[in-house]
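Step one of this worksheet: look at the structure below.
In what follows, chains carry the letters A, B, and so on, assigned in the order in which the sequence lines appear, proteins first and then strands, with residues in each chain numbered from 1.
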Amino acid sequence: MAAEKQYWLMKSEPNAYSIHDLKRDRTTYWSGVRNYQARNFMRDRMQIGDGVLFYHSNVEPVGVAGRAEVVKSGYPDHTAWDKKNKYYDTASLSSRPIWFMVDIRFVQACREVITLKRLKEIPALKTMAVLRKGNRLSITPVAPEEWEIIMKLPEWS
DNA sequence: GCCAACGTTGGC
DNA sequence: GCCAACGTTGGC
């Protein structure tokens, strides 16, 4: 039985890595996540073909800037083993990795960013995990209904 | 730059 | 196992 297609939202600070960087690179590995909940999504749940909303955080304007898809499911994040890397973690061993990542591929950049403000104005999106007060998770699930609504917004074309 | 909200750390 | 202190995230 083929797994249902799932959807996710992944936050990135565009100063560090933007949707335009992803467009240029075509694919990238999502390294540097050092939060267990987000790690679990990548390690256990994200599958090839899953849809990804690429979200720009900590910038003006904040919001969904494009979309991508998962092209490789969870595997060990090698940056945890690199002493020179910002995300180096002595506790993560190659024989027993702690941190995981997935690969994503660019699909589309929004013509205009779908701002956080705008997402908050759509009643049917009230349940979106990323909109919950105080939420800081860098990867959150997106319900299929939420994905459908977002895909119909005019900012895409 | 501020600061609320949250996750992690570590003393006990 | 509790919880205060601390560090980080991220909207504003």
Side-chain angles (χ1 to χ4, degrees), chain A residues 6-25 28-46 50-70 73-104 106-143 145-147 149-151 153-156:
Chain A
Q6 306 169 102
Y7 303 95
W8 307 93
L9 179 144
M10 298 171 94
K11 292 179 188 171
S12 183
E13 300 199 12
N15 308 331
Y17 198 82
S18 74
I19 188 71
H20 307 293
D21 294 322
L22 181 61
K23 184 177 184 178
R24 179 199 62 213
D25 296 343
T28 193
Y29 51 82
W30 206 258
S31 63
V33 170
R34 297 294 180 264
N35 168 283
Y36 288 104
Q37 243 183 303
R39 187 269 323 251
N40 292 349
F41 286 144
M42 292 200 287
R43 189 190 60 184
D44 307 333
R45 308 240 334 248
M46 296 175 79
D50 283 1
V52 173
L53 296 173
F54 196 109
Y55 181 95
H56 282 177
S57 66
N58 241 310
V59 74
E60 176 59 35
V62 164
V64 172
R67 68 185 163 121
E69 68 173 337
V70 176
S73 56
Y75 64 106
D77 178 345
H78 58 76
T79 64
W81 303 328
D82 176 3
K83 281 197 172 69
K84 296 198 188 75
N85 196 282
K86 179 183 173 187
Y87 299 105
Y88 177 61
D89 182 356
T90 50
S92 185
L93 310 173
S94 55
S95 57
R96 197 166 42 83
I98 295 176
W99 305 114
F100 285 73
M101 59 190 183
V102 299
D103 289 359
I104 63 169
F106 175 82
V107 175
Q108 184 183 3
C110 292
R111 180 179 47 78
E112 219 180 307
V113 171
I114 304 167
T115 64
L116 179 60
K117 179 172 180 290
R118 179 149 160 73
L119 292 172
K120 284 176 173 170
E121 284 167 359
I122 300 172
L125 297 181
K126 277 213 160 55
T127 51
M128 271 192 89
V130 74
L131 299 185
R132 280 206 283 269
K133 184 177 157 74
N135 174 65
R136 301 185 321 177
L137 252 193
S138 63
I139 301 176
T140 49
V142 175
E145 312 84 69
E146 295 163 353
W147 176 272
I149 291 165
I150 291 168
M151 285 307 137
L153 296 175
E155 282 90 337
W156 290 103

Short of 4.0 Å, heavy atom to strand atom, which residues of residues 121-142 of chain A count as contacting DNA chain B?
A:K133, A:G134, A:R136

Going 5' to 3' along DNA chain C, between which two nucleotides do contacts with chain A fall, using a heavy-atom cut-off of 4.0 Å?
C:dG7 to C:dC12

5′-ward residue of the pair A:N58/A:Q37 relative to DNA chain B:
A:N58

If you take all heavy atoms of A:W156 and A:I150, which pair is closest and at what distance?
NE1-O, 2.8 Å

Do any pairs count as a salt bridge (Lys or Arg N to Asp or Glu O under 4.0 Å) and have a residue in residues 61-70 of chain A, sequence neighbours left out, and if so which ones?
A:E69-A:R105

By the 4.0 Å heavy-atom rule, please label A:K120 as base, sugar-phosphate, or nothing.
sugar-phosphate

With A:S18 via side chain to side chain donor-acceptor pair (under 3.5 Å) - residues at least two apart
A:D21

Those residues that, when tested against A:N58, pass side chain to side chain donor-acceptor pair (under 3.5 Å) (two or more places apart):
A:E13

Partner set under salt bridge (charged side-chain N to carboxylate O under 4.0 Å, His left out) for A:R34, not counting sequence neighbours
A:D77

Pair listing, salt bridge (Lys or Arg N to Asp or Glu O under 4.0 Å) test, anchored in residues 113-124 of chain A, at least two apart
A:K117-A:E121, A:R118-A:E155

Got a sec, which pairs hit side-chain hydrogen bond (donor to acceptor under 3.5 Å, both in side chains) with one end in residues 124-140 of chain A, sequence neighbours left out?
A:T127-A:E146

ring-ring contact (aromatic ring centres under 6.0 Å, His included) involving A:Y36 - partner list, sequence neighbours excluded:
A:W99

